[in-house]
Amino acid sequence: MLFQADPETDEVYAQMALQPVNKCDKEALLASEMGLKQNKQPTEFFSKTLTASDTSTHGGFSVPRRAAEKIFPPLDFTMQPPAQELVAKDLHNVSWTFRHIYRGQPKRHLLTTGWSAFISTKRLLAGDSVLFIRDEKSQLLLGITRANRQPPALSSSVLSSDRMHIGILAAAADAAAKNSRFSIFYIPRLDEGR
DNA sequence: AGCCATGCACCG
DNA sequence: CGGTGCATGGCT
């Protein structure tokens, strides 16, 4: 599986190559699953769809409290106010630095300096999402997913969700029949419904 | 106008 | 009642 970022839109996605297996390969499949479990490191993440004030030139980024506490390095609360510099790499290996400060009444986590440069460079708008990942080395990774700017005016009879699934199943069945490989793409919408 | 700080008030 | 979106004000 590959983690990628589209060079045009900069959206993060995962590409997975799926290999159909028959019953003879069941042992190998189980073995690889065991390997995955052993490899598994607790990589934590959070994503948030950007609000109007998150993307406006007037303010910074309001970080959900739990998200900041889970993903960001702990602040030194003896400082007044508690603040630190965050560095996060996007999937093009470009580093972005933000000032992370905890202030306000009531107190809240904010990203200030560096945030507007990120917003404008990536051309993010309200409704788009940002994704922060803390990997196994405690490095911060940063990704974005853009909102659907132009909801497709297609009639549901042309491209319904059901027919989409039928298409995927057909592709999988065809690959299985020929015992060949096929790929699927996954664009995360990790904070839907939150 | 851009950027950062502060506090109100809404909403679950 | 806690959390955060938003309006507002100051400073450059």
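Letters A, B, ... are given to chains in the order of the sequence lines, protein chains preceding strands, and every chain is numbered from 1.
Panel note: side chain A/Arg146, backbone A/Gly127; no donor-acceptor pair is recorded below 3.5 Å. With hydrogens and angles disregarded, a donor-acceptor distance shorter than 3.5 Å links the side chain of A/Gln84 to the backbone of A/Pro73.
Remark: A/Asp128 CG to A/Ser47 OG distance equals 12.0 Å, nearest 0.5 Å. Between atom CD1 of residue A/Ile119 and atom OG1 of residue A/Thr57 there is a gap of 11.0 Å, rounded to the nearest 0.5 Å. Atom CZ of A/Arg108 is separated from atom CD1 of A/Ile101 by 11.5 Å, given to the nearest 0.5 angstrom. From A/His100, atom NE2 reaches atom CD of A/Glu85 across 12.5 Å, with rounding to the nearest 0.5 Å. Taken from CZ in A/Phe46 to CZ in A/Phe72, the straight-line distance is 4.5 Å, to the nearest 0.5 Å.
One can place CG of A/Asp54 at 13 Å from P of C/dA7, the figure rounded to the nearest angstrom. Per the geometry, CD belonging to A/Gln105 stands 17 Å off P belonging to C/dG5, to the nearest Å. Following rounding to the nearest Å, A/Leu111 (CG) and C/dT4 (C1') show an atom-to-atom distance of 14 Å. Rounded to whole Å, the distance from NE2 on A/His109 to C1' on C/dG2 is 13 Å. Here C/dT4 presents its P atom at 10 Å from CG of A/Leu110, a figure rounded to the nearest Å. As a whole-Å value, the separation of A/Lys48 NZ from C/dT4 C1' is 7 Å.
Heavy-atom nearest nucleotides on DNA chain B were determined for A/Pro106 and for A/Pro81, and the one closer to the 5' end corresponds to A/Pro81.
The pair A/Lys48-A/Asp54 counts as a salt bridge, with a side-chain nitrogen and a carboxylate oxygen less than 4.0 angstrom apart. Looking at A/Lys122 and A/Asp90, a side-chain N of the basic residue comes within less than 4.0 Å of a carboxylate O on the acidic one, giving a salt bridge.
One cannot find a donor-acceptor pair under 3.5 Å joining the base of C/dG2 and the side-chain atoms of A/Arg108.
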Might you list the N or O atoms of the protein lying below 3.5 Å from N or O atoms in nucleotides 2-4 of chain B, with each pair's distance?
| from | atom 1 | to | atom 2 | distance (Å) |
| --- | --- | --- | --- | --- |
| B/dC3 | OP1 | A/Ser116 | OG | 3.4 |
| B/dC3 | N4 | A/His58 | ND1 | 3.2 |
| B/dC4 | OP1 | A/Thr113 | N | 3.4 |
| B/dC4 | OP1 | A/Thr113 | OG1 | 2.6 |
| B/dC4 | N4 | A/His58 | O | 2.3 |

Give every pair of a protein N or O atom and an N or O atom of nucleotides 10-12 of chain B that lie under 3.5 Å apart, one pair per line with the distance.
none

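Backbone-only contact: A/Arg65 has heavy atoms under 4.0 Å from sugar-phosphate atoms and none from a base.
Listed pair A/Lys107 / B/dA5 fails the phosphate criterion, with no side-chain N or O lying under 4.0 Å from OP1 or OP2.
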